[in-house]
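Because only heavy atoms are used, hydrogens play no part in the values below, and waters and symmetry mates are left out as well, while side chains stay in. As the structure is a prediction and not an experimental result, all values here were calculated from the model.
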Amino acid sequence: MRETDDPELACPVAPVVDLVFSRWTTPILWALHTYGRQRFVHLERRLSSITPKVLTQRLRQLERDGLVTRTYHPEVPPRVEYEITPLGQSLAPLFAGLADWSEANLPKVHEARAAFDAR
């Protein structure tokens with residue numbers, strides 16, 4: 001097998017796309033970046049269409065990947081907070097660039113789709 005046969009070697013951004021742009025990762029990171037440290041219930045309210053099970057799974061994966069930190073406070077009742085890490089914060093310029101691209105180009109994408117569908 002040649003190096004170019006491996007998609008990760010042929011396209012070095014593929015692993016980043018898999019890591020960052022899975023279904024719920026981007027909204028979770030955006031919420032933590034925008035609103036700071038949050039408890040599970042606050043994240044759940046901000047991302048109203050996510051189920052608690054999926055939110056738990058994604059938060060665990062983000063913690064494993066080093067993008068989110070979980071802090072357990074042994075109080076009565078116990079309190080758990082989630083916060084974006086410096087590694088997670090380092091994605092902010094990427095997200096800002098995508099937001100800029102989206103604002104400038106999504107109307108063009110919609111026009112192209114409409115033109116294609118009209119054929």
Side-chain angles (χ1 to χ4, degrees):
M1 181 162 99
R2 299 173 314 165
E3 282 187 16
T4 56
D5 292 339
D6 184 346
E8 290 187 13
L9 294 175
C11 179
V13 299
V16 177
V17 169
D18 289 343
L19 173 74
V20 177
F21 297 107
S22 64
R23 173 67 177 102
W24 287 106
T25 298
T26 307
I28 292 169
L29 290 175
W30 179 85
L32 291 172
H33 174 75
T34 303
Y35 300 104
R37 184 180 325 129
Q38 296 178 62
R39 294 176 72 173
F40 183 91
V41 69
H42 296 129
L43 277 170
E44 189 177 25
R45 286 179 190 150
R46 288 193 196 286
L47 309 168
S48 59
S49 59
I50 192 170
T51 66
K53 177 183 175 184
V54 172
L55 180 56
T56 298
Q57 290 171 338
R58 294 308 312 144
L59 286 167
R60 284 185 184 149
Q61 186 62 49
L62 290 169
E63 184 180 11
R64 181 175 181 256
D65 293 337
L67 301 175
V68 168
T69 187
R70 178 185 185 270
T71 304
Y72 174 79
H73 301 276
E75 305 168 345
V76 178
R79 181 169 48 103
V80 177
E81 295 177 318
Y82 295 91
E83 189 171 14
I84 194 167
T85 64
L87 181 60
Q89 290 281 2
S90 72
L91 293 166
L94 173 66
F95 291 148
L98 287 170
D100 291 343
W101 186 93
S102 175
E103 188 175 315
N105 293 297
L106 272 184
K108 296 173 190 172
V109 170
H110 294 304
E111 289 172 17
R113 287 178 179 170
F116 182 89
D117 292 345
R119 290 193 239 160

Working for side-chain contact (heavy atoms from CB on, under 4.5 Å), residues Asp65 and Leu87:
CA-CA 9 Å; Asp65 293 337; Leu87 181 60; over 6 Å; no

Identify the two heavy atoms, one from [X] and one from [Y], that lie closest to each other, and give their separation to 0.1 Å.
X     : Y     : value
Val80 : Tyr72 : CG2-CD1, 3.7 Å
Arg39 : Pro78 : NH2-O, 4.1 Å
Ala31 : Gln38 : O-NE2, 3.0 Å

Donor-acceptor pair, side chain of [X] and main chain of [Y], under 3.5 angstrom:
X     : Y     : answer
Thr69 : Thr85 : no
Gln89 : Leu67 : no
Thr26 : Val20 : yes

Sub-4.5 Å side-chain heavy-atom contact between Ser22 and Arg58:
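Yes, side chains in contact.
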
Any side-chain heavy atom of Ile28 sitting closer than 4.5 Å to one from Leu55?
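When only atoms from C-beta onward are counted, Leu55 and Ile28 do touch, with a gap below 4.5 Å.
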
For Trp30, check side-chain contact (heavy atoms from CB on, under 4.5 Å) against everything at least two apart and list the hits.
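Here the qualifying residues are Thr34, Tyr35.
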
Evaluate side-chain contact (heavy atoms from CB on, under 4.5 Å) for Thr56 paired with Phe40, printing each intermediate quantity in order.
CA-CA 8 Å; Thr56 298; Phe40 183 91; 3.4 Å; yes

Verify same cluster id: Val68, Val41 (apolar side-chain graph, 4.5 Å):
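The answer is no; the residues belong to distinct hydrophobic clusters.
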
Would you compute the distance between atom CH2 of Trp24 and atom CG of Leu47 and round it to the nearest 0.5 angstrom?
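If I round to the nearest 0.5 Å, the distance is 6.0 Å.
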
Quick one: CD1 on Ile50 to CG on Leu43, what's the gap to the nearest 0.5 Å?
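Rounded to the nearest 0.5 Å, the CD1-CG separation comes out at 8.5 Å.
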
Verify salt bridge (charged side-chain N to carboxylate O under 4.0 Å, His left out) between Glu81 and Arg79, making sure each step is shown before the conclusion.
CA-CA 7 Å; Glu81 295 177 318; Arg79 181 169 48 103; 2.9 Å; yes

For residues 91-108, run the donor-acceptor check on the side chains, cut-off 3.5 Å, and write out each pair with its distance to 0.1 Å, sequence neighbours left out.
residue, atom, partner, partner atom, Å
Asn105, OD1, Lys108, NZ, 3.4
Asn105, ND2, Trp101, O, 3.2

Tell me, with the steps shown, if Thr71 and Glu83 meet side-chain contact (heavy atoms from CB on, under 4.5 Å).
CA-CA 8 Å; Thr71 304; Glu83 189 171 14; 5.5 Å; no

More than 12 heavy atoms from other groups under 6.0 Å of CZ on Arg70:
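Counting neighbours around CZ of Arg70, more than 12 heavy atoms of other residues, nucleotides or ligands fall under 6.0 Å, so yes.
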
By the rule that ILVMFWY residues connect when side-chain heavy atoms come within less than 4.5 angstrom, directly or transitively, which residues belong alongside Phe116?
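Members alongside Phe116: none; it stands by itself.
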
